[in-house]
Amino acid sequence: MSNKLVDFHCHLDLYPDFGDLVRECDQYEVYTLAVTTTPRAWKRNQELASSTKYVRAALGLHPQLIVEHASEIELWEELLPKSRYVGEVGLDGSPKFYKSLSLQKDIFYRILTACANSGGKIISIHSYRAVSTVLDMIEQYMPFNKGKIILHWFTGTKSESSRAIELGCFFSINEQMFQNERLCKIIKTIPIERILTETDGPFITYNGQTIRPKDTIRCIAKLAELRGIDGKYLQDQIVNNLRLLLCE
Ligand code: MN
């Protein structure tokens with residue numbers, strides 16, 4: 001048995017100690033997906049990640065930044081052949097970003113079709129208040145065998161979760177999600193082999209401290225308790241889920 005962990009959605013480059021944190025992921029054996037919010041940020045992430053065993057950089061264009069950064073889709077498309085991992089991408093339908101939803105959809109369409117055309121991409125997707133539309137677009141533009149989808153911080157309904165499962169999606173779960181009883185009920189029903197863990201750091205704090213990738217051990221404990229299974233068993237299962245996801 002190992003002590004390896006998985007943090008499959010973390011903004012390492014938004015921490016003040018970015019470089020140290022990358023090394024910390026290796027030291028604690030946390031398989032970490034360093035998501036980015038713009039393609040400009042990807043190069044530095046890729047440089048730092050390339051010397052590690054456990055960190056991988058994902059090429060992103062965050063839906064909340066589309067108004068100011070939509071033109072960066074061209075750089076994103078140019079860099080895509082260099083990156084197996086994609087994220088953070090998706091749609092955000094909350095009031096603050098609703099006005100840009102139509103532009104967000106144009107960009108997300110380009111992202112999904114580019115990923116489907118190249119094949120084999122692993123994509124971390126934001127779907128806050130836009131789950132149905134995100135699933136519609138995945139169904140339409142991302143054929144099942146053309147890439148792997150991970151829904152980050154899923155907040156949809158039970159029927160949306162069932163639909164996502166049918167579409168082959170994975171779910172990266174963070175510890176904040178357990179504070180929502182409705183989400184807990186959904187998390188209980190997701191097939192265990194479709195679950196990964198994440199922090200979405202640095203946007204979550206615990207006891208006044210910013211969450212770090214190694215803290216996914218707390219998420220494991222909460223998830224194990226919720227599902228009534230052994231934590232160590234679950235920890236290994238999640239590492240295995242990631243291995244299968246990456247080798248298929
Ligand atoms: Mn995020």
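The structure presented is a predicted model; accordingly, all values stated were derived computationally and were not measured. Just so you know, ligand 1 is whichever comes first in the structure, and atom 1 is the first atom listed for that ligand.
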Next item on the list: Is it possible for you to check whether Arg218 lies under 6.0 Å from the centre of the six-membered ring of Tyr206, through NZ or CZ, and within 45° of that ring's axis?
Entry: yes
Check: Quick check: does His62 have an N/O/S atom under 2.8 Å of the Mn ion (ligand 1)?
Finding: no
Item checked: Metal proximity, His9 vs the Mn ion (ligand 1), N/O/S cut-off 2.8 Å -> yes
Margin query: Pairing donors with acceptors under 3.5 angstrom, does anything connect the side chains of Ser132 and Glu160?
Written below: yes
Next item on the list: Check Thr197, Thr199, Asn174 against Asp7 for a side chain to side chain donor-acceptor pair (under 3.5 Å) and give me the one that passes.
Entry: Thr199
Next item on the list: Cation-pi check, Lys222 to Phe178: give yes when NZ or CZ is under 6.0 Å from the six-membered ring centre and within 45° of the ring axis, no otherwise.
Entry: no
Checklist line | Atom name of the N, O or S atom in Glu88 that lies nearest to the Mn ion (ligand 1) | finding: OE1
Checklist line | Of the N, O or S atoms in Asp200, the one nearest the Mn ion (ligand 1) | finding: OD1
